[in-house]
Amino acid sequence: MNARTEPAEAEPVTPARPPVVRELLLVAGLFAVYKLGRQLAADHTGEAFRDARDVWHAERWLHLPGEGAVQSLLLHGDGLAEAANAYYATVHFPATLAFLVWLYLRRPAHYTWSRRVLAAVTAAALLLHLAFPLAPPRMLAATGLVDTARVYGPSVYGPPQTDHLSNQFAAMPSLHFGWALMVAIGLIVATRSRWRWLWLLHPLLTLLVIVGTANHYWLDAIAAAALLGAALALIQAPRRTATTDTAGGRDARELVPAERRVLVGAGR
């Protein structure tokens with residue numbers, strides 16, 4: 001008796017990618033709306049400093065570790081502080097963009113899921129920025145923290161009074177951390193390498209950088225993680241099938257469940 005197995009029906013190796021022009025316009029539009037929204041919240045200086053004092057006291061009440069413990073590590077040498085500032089200034093957007101481009105080319109289904117999650121988190125963050133303007137710890141004298149970007153460089157911010165390109169009173173939640181965490185989660189879900197868990201080093205390093213440079217409080221990162229968790233709970237990730245896994249040269253037949261295969265050629 002001779003028997004072999006093959007899929008009961010043909011399945012596409014990859015799902016269709018969304019039209020690239022539409023995706024570029026969508027991402028650009030989301031970014032423009034977000035920047036506009038940040039500007040709408042930029043004039044609440046007094047409220048932002050009151051909220052900052054409340055957050056600082058809340059962290060002490062919760063017995064969270066002081067942000068100064070992380071910053072003191074950076075201040076042991078100019079090189080560490082400069083490297084942290086450069087990481088804060090240059091990694092955030094390029095890393096997220098590279099993540100989306102790679103998913104678009106290699107994991108279309110995971111790209112759509114990740115883009116939806118990032119859009120949901122960013123929209124929720126914008127609403128929170130409008131409702132709860134917050135001065136970063138580098139601006140709050142009570143923290144005793146150094147503005148490392150101003151002292152050591154490089155800096156992405158100008159004086160708050162003349163900086164019309166960014167809203168420096170939008171510390172909570174930290175999208176630096178929220179996006180970095182989504183990049184790590186998205187790559188862990190979309191890949192199979194045994195080393196994929198090392199992607200968690202990206203949000204961990206981002207967390208140390210945003211706190212050590214006094215751009216964010218611990219609670220800013222916690223709020224971002226909570227928003228991301230809610231988005232992940234509401235937006236279902238794609239299932240791993242032959243239509244979502246294309247890496248490593250794996251044959252699509254390897255990913256077809258056994259119960260969907262049929263025996264052919266038996267009794268010959």
Side-chain angles (χ1 to χ4, degrees), residues 31 34-60 64-97 122 125-126 128-130 132-180 202-224:
F31 178 75
Y34 174 68
K35 293 294 288 184
L36 176 62
R38 285 173 66 100
Q39 291 303 311
L40 294 176
D43 296 326
H44 302 281
T45 303
E47 186 178 355
F49 278 96
R50 287 193 298 272
D51 291 340
R53 288 188 287 270
D54 291 342
V55 167
W56 181 253
H57 292 312
E59 287 191 342
R60 308 291 75 80
L64 294 178
E67 286 83 353
V70 179
Q71 185 171 89
S72 64
L73 299 176
L74 300 182
L75 299 182
H76 282 305
D78 294 356
L80 282 176
E82 291 174 5
N85 293 331
Y87 190 96
Y88 181 87
T90 62
V91 173
H92 176 49
F93 282 109
T96 307
L97 179 60
T122 304
L126 173 57
L128 189 53
H129 292 162
L130 292 171
F132 191 74
L134 180 65
R138 59 186 167 80
M139 293 185 182
L140 188 64
T143 66
L145 296 172
V146 175
D147 185 346
T148 60
R150 181 178 59 82
V151 175
Y152 300 99
S155 176
V156 295
Y157 301 120
Q161 299 82 1
T162 59
D163 185 359
H164 301 297
L165 297 178
S166 59
N167 174 18
Q168 298 188 47
F169 300 127
M172 181 180 290
S174 168
L175 285 179
H176 269 74
F177 180 72
W179 286 12
H202 175 45
L204 175 59
L205 182 57
T206 299
L207 176 62
L208 296 178
V209 164
I210 63 176
V211 171
T213 58
N215 280 293
H216 287 283
Y217 306 88
W218 293 113
L219 284 177
D220 298 340
I222 293 173

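- Checking side-chain atoms of Ser174 against main-chain N and O of His216 turns up no donor-acceptor pair under 3.5 Å.
- Partners of Ala52 according to the side-chain contact (heavy atoms from CB on, under 4.5 Å) rule, which considers only residues two or more places apart in sequence or in another chain, are Leu134, Ala135, Leu140, Tyr217.
- Sorted by first then second residue, the salt bridge (charged side-chain N to carboxylate O under 4.0 Å, His left out) pairs that include residues 210-223, not counting sequence neighbours, number zero.
- A distance of 12.0 Å separates CG in Leu175 from OG1 in Thr206, rounded to the nearest 0.5 Å.
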Problem set entry | Intermediate values then yes/no, side-chain contact (heavy atoms from CB on, under 4.5 Å), Thr143 and Glu67 | CA-CA 8 Å; Thr143 66; Glu67 286 83 353; over 6 Å; no

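- Residues forming a ring-ring contact (aromatic ring centres under 6.0 Å, His included) with Phe132 (at least two apart in sequence, or on another chain): none.
- Checked against salt bridge (Lys or Arg N to Asp or Glu O under 4.0 Å), Asp51 has no partners two or more places apart in sequence or in another chain.
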Problem set entry | Derivation and outcome, side-chain contact (heavy atoms from CB on, under 4.5 Å), residues Phe169 and Glu47 | CA-CA 9 Å; Phe169 300 127; Glu47 186 178 355; over 6 Å; no

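- Residues Ala214 and Pro136 come closest through the heavy atom pair O-CB, 4.0 Å.
- Heavy atoms only, all atoms of each residue included: Pro154 and Glu82 are closest at CD-O, 3.8 Å.
- Taking 4.5 Å as the limit, every side-chain heavy atom of Leu80 sits out of range of all side-chain heavy atoms of Leu73.
- Residues forming a side chain to side chain donor-acceptor pair (under 3.5 Å) with Tyr88 (at least two apart in sequence, or on another chain): Tyr157.
- With sequence neighbours excluded, the residues forming a side-chain contact (heavy atoms from CB on, under 4.5 Å) with Leu207 are Phe177, Ile210, Val211, Trp218, Ala221, listed by chain and number.
- Sorted by first then second residue, the salt bridge (charged side-chain N to carboxylate O under 4.0 Å, His left out) pairs that include residues 139-155, not counting sequence neighbours, are Arg138-Asp147.
- Rounding to the nearest 0.5 angstrom, the gap separating the CG atom in Leu126 from the CG atom in Leu130 is 5.0 Å.
- Two residues are said to be in side-chain contact when any heavy atoms from C-beta on lie closer than 4.5 Å; Pro173 and His129 meet this criterion.
- The two residues Asn215 and Thr213 come nearest to each other via the heavy atoms ND2-OG1, 2.8 Å.
- Judged by distance alone, with hydrogens and angles left aside, the side-chain atoms of Gln71 form a donor-acceptor pair with the main-chain N or O of Val146 at under 3.5 Å.
- Closest non-hydrogen pair, Ala86 versus Thr90, comes out as O-OG1, 2.6 Å.
- The CZ atom of Phe49 sits 8.0 Å away from atom CZ of Arg53, with the distance rounded to the nearest 0.5 Å.
- Shown here are the side-chain contact (heavy atoms from CB on, under 4.5 Å) partners of Val91, two or more places apart in sequence or in another chain: Tyr87, Ala95, His202.
- Considering every non-hydrogen atom in both His92 and Thr96, the closest pair reads O-OG1, 2.9 Å.
- Residues Ala81 and Tyr152 approach most closely at CB-CD1, 3.7 Å, considering heavy atoms.
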